[in-house]
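Remarks on the structure that follows.
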Amino acid sequence: MIHRGIEFNTPVHESADVCIVGSGCGGGASAKVLAAAGRKVILLEEGGYYTAADFDGTEQTAYKNLYQQRAGQATGDLSVTVLQGRCVGGSSTVNWTTTIRTPDFVLRAWQRDHGVTGVTTEDLDPYFERIEHYLNVHAEPEENHNPNNRIILDGARRLGYRASANGRNTKGCVKAGSCGMGCPYDAKLSVNVTYIPDAVRSGATVFADCRAEKIEVHGQIKRVRGVILDPETRRPRTEVSIEAPVVIVSGSAIHSPVLLKNSHLANSSKLVGQHLTFHLTTAVLGIFDSIIYPGGGIPQSAMCDEFLNKNNDDGGFWIEAVPVHPTLAALGLPGFGARHHELMRMFPNLGATIVLVKETDSFGRVMVNAQGRPNIAYSIGKKDLAYLKEAIKVAAEIQFAAGARRVMTLHARQTEFRSPADIDSSLAAADWGKNQLSLYSAHPLGTCRMGARKETAVLDSHCQAHDVKGLFVIDGSFTPTSLGVNPQLTILAVAEKSAEWLAENFATIARG
Amino acid sequence: MNADPIPVSSLEYGKVGDAPPAISPSRRRFLKNTVLGLAVLSASKLFPRTLVRGLAPDVIANQLRFFSEHEYMIVRVVTERIVGPTPRPAEGQHTIDVAQRADEFLSLADPEIQEQFHQLLSVFNGVVFAFLFDFRFSSFLDMNPEDQDSYLEDWMTSPLTFRRQVFVALKRLSLSMYYTEEQSWTEIGYTGLFLPWERP
């Protein structure tokens with residue numbers, strides 16, 4: 001059963017074996033596994049419950065209904081926009097379907113540097129295979145790549161860089177380009193149309209429009225308190241409390257640490273909210289003589305992974321295509337006024353490529369503001385900034401190699417290259433301070449990291465809090481380092497594995 | 001009409017029975033955490049507001065839900081400068097009133113955001129601020145269009161982080177209010193989902 005907020009005017013009090021906060025990859029996968037194991041599962045989701053019929057393919061509707069803070073979530077200084085889903089299915093409902101296994105060098109670093117056990121490539125491969133089958137993860141054939149993705153494939157290959165089709169979790173894709181606004185065709189096998197319905201079929205109950213605000217621990221029992229929201233106004237309608245011996249927090253790397261901090265739980269290490277990574281992202285735009293139309297077709301089907309960990313320093317960057325629709329284009333394009341409008345009029349001829357940096361020395365954290373809500377801070381490190389500059393340069397070269405007439409960055413002060421020979425000098429002259437280059441994150445991770453020791457990690461290798469037995473954090477928060485790739489498959493695999501362990505050991509864990 | 005992506009974060013909060021929240025420390029920093037910012041914020045309240053150039057049609061003034069008439073005029077001019085020249089509406093279409101969409105959007109925002117936006121507009125249009133930082137002797141509203149563009153450019157490229165933040169907030173608000181309006185798509189060649197040659 002999936003309930004919407006509009007159904008409730010009076011307080012709701014329920015009990016369960018497991019209460020899960022958040023219905024994205026971590027919460028959805030956990031709910032499916034635990035409900036299938038016979039556990040009574042109640043899942044609370046702050047966002048609304050929407051189906052294919054609600055997805056009209058416009059940014060206006062999507063941002064209002066499906067995104068955290070209407071796609072305006074940002075660091076406190078507005079320097080990095082943090083895009084996250086806020087709806088049943090979480091970010092999987094609005095992501096661009098890229099599904100990639102965790103790189104082996106990342107998992108080895110988790111084991112080597114953080115003492116994480118049971119999360120090696122060998123441990124996760126069976127989960128990857130099972131999930132890829134369940135979600136029909138596949139690479140698109142050559143003829144299915146749209147012109148925006150062909151820029152990467154053709155440009156990178158001409159330069160001798162490795163580029164290929166990436167995995168996508170779709171079935172019956174009609175190539176509309178609506179992935180980021182919810183799939184009106186149910187062709188994207190996101191959590192809202194896979195794990196959640198399966199969990200519900202096994203008996204799980206979902207409360208949409210329900211924001212968890214505090215977790216209380218009373219001996220063996222935990223109580224999650226929150227409010228049920230009006231779906232339209234997002235104002236509280238009534239209160240909710242769920243009692244359960246086991247609570248799984250799956251609210252994302254931005255919101256899970258806030259719930260823990262507001263609850264004064266699991267933070268003896270003082271690391272809750274620390275070690276935030278963004279997979280820091282910016283775009284490079286090419287202007288072509290031919291029509292690219294970056295908003296149509298399969299949004300993200302190709303990648304260039306040549307530069308990830310190329311120097312064996314756990315850093316580097318990744319290059320993908322980015323589907324662009326009018327608002328996203330307008331916010332990213334440099335400047336304002338007549339020049340900006342002139343660039344907007346080139347929309348059909350724009351090729352848009354993103355670069356994503358796997359951080360190694362940047363500093364991010366999630367704090368709690370006076371209203372008990374996230375306050376995000378982030379500063380890019382020297383090494384990561386160097387990689388960001390190199391990534392922009394490589395992406396610009398790829399754009400030129402694919403036929404771009406000119407190429408620009410997202411600097412506030414227009415930074416444009418007329419030929420590959422311009423790139424170095426223009427980048428050297430560009431401004432790199434906060435709010436001088438549009439930066440984004442769609443992959444915030446790592447604010448409740450796993451590790452062997454409670455002094456240096458929030459969670460153990462099963463995603464259970466070192467401090468509180470029966471309290472789990474299963475979402476992007478658990479990563480000890482930046483992933484370097486799109487995170488949904490990593491989160492799903494670790495979630496399934498942790499939930500299986502919890503199901504097998506439930507009686508012991510529930511006793512506290 | 002709900003126009004969406006927003007200029008600043010932390011919307012939609014509040015608990016049952018809670019009073020409207022105070023401004024968060026992090027957001028105060030947005031405008032206030034410099035000595036100069038504090039001085040300007042304080043000083044801006046001592047000066048009478050500059051004359052409005054009388055552009056607001058009465059019908060709009062009566063419909064405002066969030067902005068004062070003066071603020072509406074600031075936002076109207078800011079959004080015109082940021083969005084840039086737009087084509088005359090086709091027959092049967094209306095001019096997109098970005099400021100009115102912003103007014104409606106902000107009327108639904110959290111009280112914290114609303115207060116910050118009032119402050120932001122006061123600072124941005126304040127003659128004191130224009131003088132202190134750019135040695136200009138008039139408020140934004142009283143400048144000619146070329147000077148307004150130059151003034152916006154100063155905010156966009158300022159060495160002061162908080163001035164760039166203000167510009168980012170104004171740019172996000174203006175462009176998101178404009179380009180979420182379907183009518184704006186024609187002029188940029190956006191025809192909706194699907195590649196144009198694959199559209200069913």
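The chains referred to below are lettered A, B, ... by the order of the sequence lines, with proteins before strands, and numbering in each begins at 1. Excluded from the calculations below are hydrogen atoms, water molecules and symmetry mates; all remaining heavy atoms, backbone and side chain alike, are included. Fair warning: this is a prediction, and the values are worked out from it, not measured in the lab.
For B/Thr86, the parts lying near chain A are the backbone and the side chain together; criterion is any non-hydrogen pair under 4.5 Å. At a 4.5 Å heavy-atom cutoff, A/Met346 makes no contact with chain B through either its backbone or its side chain. Residue A/Ile376: no heavy atom, backbone or side chain, is found under 4.5 Å from chain B. Contact of B/Thr191 with chain A is made through backbone and side chain together, with heavy-atom distances under 4.5 Å. Contacts between A/Pro299 and chain B at a heavy-atom distance below 4.5 Å are absent for every atom of the residue. With a 4.5 Å cut-off on non-hydrogen atoms, A/Leu333 touches chain B through its backbone but not through its side chain. At a 4.5 Å heavy-atom cutoff, B/Glu182 makes no contact with chain A through either its backbone or its side chain. For A/Val174, the parts sitting under 4.5 Å from any heavy atom of chain B are the backbone and the side chain alike. Contact of A/Pro147 with chain B is made through the side chain alone, with heavy-atom distances under 4.5 Å.
Other residues, nucleotides and ligands contribute more than 12 heavy atoms inside 6.0 Å of the NZ atom of A/Lys261. The number of heavy atoms from other shown groups lying within 6.0 Å of CZ (B/Phe137) is above 12.
Separation of atoms OG1 (A/Thr58) and CD (B/Glu181) is listed at 11.0 Å; rounding is to 0.5 Å. Atom CG of B/Leu193 is separated from atom CG of A/Asp56 by 8.5 Å, given to the nearest 0.5 angstrom. Atom-to-atom distance recorded for B/Leu175:CG and A/Phe336:CZ is 11.0 Å, nearest 0.5 angstrom. In this structure, the separation between CG on A/Leu343 and CD1 on B/Ile188 is 11.5 Å, given to the nearest 0.5 Å. Once rounded to the nearest 0.5 Å, the distance linking CZ of B/Arg164 with CD of A/Gln436 reads 4.0 Å. Residue B/Ser176 holds its OG atom at 11.5 Å from CG of A/Leu328, rounded to the nearest 0.5 Å.
For the ring pair (Phe, Tyr, Trp, His ring centres under 6.0 Å) test, residues two or more places apart in sequence or in another chain that qualify with A/Phe8 are A/His3, A/Phe207.
Using a 4.5 Å heavy-atom cutoff, the side chains of A/Lys434 and B/Gln165 are not in contact.
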Practice prompt. List the steps and the verdict of side-chain contact (heavy atoms from CB on, under 4.5 Å) for B/Tyr179 and A/Met344.
Written response: CA-CA 10 Å; B/Tyr179 285 106; A/Met344 284 300 290; 3.5 Å; yes
Practice prompt. Using the side-chain contact (heavy atoms from CB on, under 4.5 Å) rule, take A/Thr81 and B/Arg172 through it: C-alpha gap first, then chi angles, then the decisive distance, then the call.
Written response: CA-CA 11 Å; A/Thr81 300; B/Arg172 285 188 190 183; 2.8 Å; yes
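When each of A/Gly297, A/Gly372, A/Gly295, A/Gly177 is checked for heavy-atom pairs under 4.5 Å with chain B, A/Gly297 comes out on top. Listed options B/Thr161, B/Leu195, B/Leu152 were ranked by heavy-atom pairs under 4.5 angstrom with chain A; first place goes to B/Leu195. Between chain B and the residues A/Gly57, A/Ala176, A/Ala330, A/Ser178, the largest count of heavy-atom pairs under 4.5 Å involves A/Ala176. Between chain B and the options A/Gly433, A/Gly335, A/Pro323, A/Ser79, heavy-atom pairs under 4.5 Å are most frequent for A/Gly335. Of the listed residues (B/Ser174, B/Ser184, B/Pro85, B/Gly189), the one with the most heavy-atom contacts under 4.5 Å to chain A is B/Pro85.
Between B/Tyr190 and A/Tyr293, the angle of the ring planes stays under 30°, which puts this pair in the parallel group of the 30/60° scheme.
Residue pairs meeting the salt bridge (charged side-chain N to carboxylate O under 4.0 Å, His left out) criterion with at least one member in residues 189-200 of chain B, sequence neighbours excluded, are A/Lys175-B/Glu198.
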